[in-house]
Amino acid sequence: MRQILEKMIEIAQDAGTYIKDHREFKVTEKTDAANIVTTMDTEVQDMILKRLAGVLPEAKVIAEENEFNDYDDGYVWVVDPIDATTN
């Protein structure tokens with residue numbers, strides 16, 4: 001478990017660095033003007049999910065920016081890379 005935690009921390013730090021270093025992004029609406037997503041949201045989420053798949057391949061995923069809401073018993077990654085986009 002310690003190795004998994006260390007990889008999670010590394011992935012989170014790398015995601016934060018990516019966000020900090022890439023400030024250009026576009027904003028689009030998901031369902032209406034109050035429900036938006038940025039290209040940064042989806043890029044970082046994809047990056048995180050690819051890396052997490054290598055850490056714990058059997059884990060299911062709940063991810064905000066797409067339809068990855070596949071979970072049942074067992075390990076589940078919950079990913080929302082940039083929380084509170086509209087706040």
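Every heavy atom of this structure was used, including side-chain atoms; hydrogens, water molecules and symmetry mates were not. Here the structure is a predicted model, which means the values were calculated and not measured.
- T42 contributes atom OG1, which lies 11.0 Å from atom CG of L49 (distance to the nearest 0.5 angstrom).
- Other residues, nucleotides and ligands place more than 12 heavy atoms under 6.0 Å from the CD atom of E58.
- Rounding to the nearest 0.5 Å gives a distance of 8.5 Å between CG of D46 and CD of E43.
- No side-chain heavy atom of V61 sits less than 4.5 Å from a side-chain heavy atom of L52.
- Contact check for I11 versus V55: side-chain heavy atoms found under the 4.5 Å cut-off.
- The minimum heavy-atom distance linking M47 with A15 is given by the pair CE-CA, 3.3 Å.
- Between I19 and V44, the closest side-chain pair of non-hydrogen atoms falls below 4.5 Å.
- Between R51 and D14, the closest heavy-atom pair is NH1-OD2, 2.8 Å.
- Taken from CD1 in I48 to CG in D80, the straight-line distance is 9.0 Å, to the nearest 0.5 Å.
- The NZ atom of K20 sits 5.5 Å away from atom OG1 of T17, with the distance rounded to the nearest 0.5 Å.
- Here the side chains of M40 and K26 are not in contact, with every heavy-atom distance at 4.5 Å or above.
- Under a hydrophobic clustering in which Ile, Leu, Val, Met, Phe, Trp and Tyr are joined whenever their side-chain heavy atoms come within less than 4.5 Å, directly or via other members, W77 and M1 fall into the same cluster.
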